[in-house]
Colleague: 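Below are the structure tokens for one structure; questions will follow.
All residue numbers in this chain count up from 1 along the given sequence. The model shown is predicted, which means the values in this text are computed figures rather than measured ones.
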Amino acid sequence: ADKKLIYSNFVANPHPATGQYHFHNMDRVIAHRANFSFALSMSSTRVNNYEDLFGDANTKGYFQGDGMTYLYVGSTDTQFVNGYWPSVDIYHLTGTTTEQGTVSTPSATDQSFVGGVEVQDGSGYPAYGAAAFSLHPVLKTGTSTLYGKKSYFMFKDEVVCLGAGITAGSANEIHTTVENRAMGTAASTATLWVNGTSTSRTLGSANTLTNPTNCAIEGVGGYHFFDNPGNLQVAFQQSSGTWGAIHPGDSDTNSYTNNYLKLYFNHGARPTNATYAYALLPAMSPAAVAGYGRNPQTTIITNTTSVQAAK
């Protein structure tokens, strides 16, 4: 009877119920909450890191399965439309840890560790969750020396992202992207709140943030950093591209441009057991993000290659 009622309610209002959804056959996870949705794309020995549809589409989806996260806030969220895919910097897809200058192939990795857990609330429905996977990209040429452990803890109002054991042996820098938000093209400056203070970022600028506890973007939410990292970069940069570049033969020949506000950890070249720890605070105002920074609701219990845990 309960299932019939759930189905009837869905038919009357076709909108998924809030909760936690794990698609284990796809290495995909969705955390759907009252005021945001968060999706996670992983890969393994069973699932390719991306699909290029026989070389005809998504030909530059190189790092989508390397931990890309998709954050949606509100019904008017337009992050992934308006030319996002043709113009986005593929080396800074949100949530990914990537080796700059390399190109991955659409293939399963040699890492079998991937998965997650749904946690029920008092109603008996999955309401929260955790997921994790072992990173080792498959390159089109050569063998990747990049390894890492990435995990995600999806609570009610926040998503905690942990990385550990980030190690690589090449001369290319390794970056973990916290945010790469399309800001349109109307303005040559963007506002980023840092530790509760409004700062203006000029198009083309790139800087290292000093002792960042939290950042916020109005209308999007915030980002809390648990260990005041010294390698967090902020950049406001313009990027352009065409559909034909990622979908050969596409009839749309227009060039699409967006100004992107980026936050990413620069682990440098040849990192050994590098880590990161941050929380996404979706839909929170800059003032609320600053308040969270003064009294974080989450504690990182441990963040190692053996155990990653948050409370």
Side-chain angles (χ1 to χ4, degrees), residues 22-24 26-30 38-53 58-71 79-80 84-85 88-116 130-154 159-170 172-180 233 246 260 262-271 273-278 280 303 305 308:
H22 287 228
F23 303 94
H24 63 275
M26 302 168 60
D27 292 350
R28 301 293 189 268
V29 176
I30 295 176
F38 170 88
L40 168 63
S41 175
M42 303 178 291
S43 54
S44 65
T45 54
R46 300 177 299 108
V47 176
N48 286 10
N49 59 333
Y50 71 100
E51 184 177 13
D52 70 351
L53 298 178
N58 196 36
T59 56
K60 295 186 178 181
Y62 307 132
F63 308 108
Q64 290 170 358
D66 291 346
M68 185 176 182
T69 58
Y70 306 74
L71 178 63
Q79 166 72 355
F80 301 105
Y84 169 87
W85 289 109
V88 69
D89 174 7
I90 59 173
Y91 289 100
H92 292 96
L93 298 178
T94 305
T96 60
T97 298
T98 60
E99 179 181 351
Q100 306 301 289
T102 62
V103 175
S104 296
T105 188
S107 172
T109 75
D110 61 359
Q111 302 294 297
S112 61
F113 179 81
V114 65
F133 77 108
S134 183
L135 174 70
H136 183 215
V138 180
L139 303 183
K140 285 191 175 182
T141 59
T143 302
S144 174
T145 62
L146 172 61
Y147 289 85
K149 307 293 185 184
K150 293 168 71 72
S151 63
Y152 309 81
F153 299 87
M154 291 151 277
V159 178
V160 175
C161 305
L162 299 182
I166 300 171
T167 299
S170 80
N172 298 319
E173 289 185 347
I174 308 300
H175 295 176
T176 295
T177 302
V178 176
E179 181 60 275
N180 193 4
Q233 316 293 307
I246 60 176
Y260 288 91
K262 302 178 184 178
L263 284 169
Y264 63 93
F265 296 99
N266 184 353
H267 304 293
R270 299 185 179 89
N273 290 326
T275 64
Y276 63 81
Y278 64 94
L280 298 177
N303 184 23
T305 55
Q308 293 176 306

Colleague: Taking atom types as modelled and ignoring hydrogens, do the side chains of Gln100 and Asn172 form a donor-acceptor contact shorter than 3.5 angstrom?
Modeller: no
Colleague: Tell me, do Lys262 and Asp89 make a side-chain contact under 4.5 Å, heavy atoms counted?
Modeller: yes
Colleague: When rounded to the nearest 0.5 angstrom, what is the spacing between CG in Asn58 and CD1 in Ile246?
Modeller: 7.0 Å
Colleague: So, do His175 and His267 have ring centers that fall under 6.0 Å from each other?
Modeller: no
Colleague: So, Asn303 and Gln308: side-chain donor and acceptor under 3.5 Å apart, yes or no?
Modeller: yes
Colleague: Under the side chain to side chain contact (heavy atoms under 4.5 Å, CB included) rule, what do Leu139 and Val103 come out as? Steps first, then yes or no, please.
Modeller: CA-CA 6 Å; Leu139 303 183; Val103 175; over 6 Å; no
Colleague: If we only count heavy atoms from C-beta on, is the Val160 to Met154 side-chain gap below 4.5 Å?
Modeller: no
Colleague: Do Tyr147 and Ile166 come within less than 4.5 Å of each other through their side chains, counting heavy atoms only?
Modeller: no
Colleague: Main chain of Ala168, side chain of Thr145: is a donor-acceptor contact present, judged purely on distance under 3.5 Å?
Modeller: no
Colleague: With the side chain counted from C-beta on, respond yes when Thr97 and Lys150 share a heavy-atom pair under 4.5 Å apart, and no when they do not.
Modeller: yes
Colleague: Any side-chain to backbone donor/acceptor pair from Tyr50 onto Ser104? Under 3.5 Å, distance only.
Modeller: yes
Colleague: Can you measure from OG1 (Thr102) to CG (Leu146) and round to the nearest 0.5 angstrom?
Modeller: 8.0 Å
Colleague: Are side-chain N/O atoms of Asn266 and Glu173 paired as donor and acceptor at under 3.5 Å?
Modeller: yes
Colleague: Is His136 close to Ser144 at the side-chain level, that is, under 4.5 Å between some pair of heavy atoms?
Modeller: yes
Colleague: Does the side chain of Arg46 reach to within under 4.5 Å of the side chain of Val114, using non-hydrogen atoms?
Modeller: yes
Colleague: Are the side chains of Leu93 and Gln64 in touch, meaning some heavy atoms are under 4.5 Å apart?
Modeller: yes
Colleague: So, for Phe38 and Tyr70, is the gap between ring centers shorter than 6.0 Å?
Modeller: no
Colleague: Do the rings of Tyr278 and Phe265 sit parallel, tilted or perpendicular, given the 30° and 60° boundaries?
Modeller: tilted
Colleague: Is any side-chain heavy atom of Thr109 closer than 4.5 Å to one of Pro137?
Modeller: no
Colleague: Give a yes-or-no answer on whether the side chains of Lys149 and Ser134 include a donor-acceptor pair shorter than 3.5 Å.
Modeller: yes
Colleague: When you check the side-chain N and O atoms of Ser44 and Asp27, is any donor under 3.5 Å from an acceptor?
Modeller: yes
Colleague: Verify the ring-centre separation between Phe63 and Tyr91: is it less than 6.0 angstrom?
Modeller: yes
Colleague: Quick test of your reading of the model: are Lys60 and Asp52 salt-bridged, counting only N-O distances below 4.0 Å?
Modeller: no
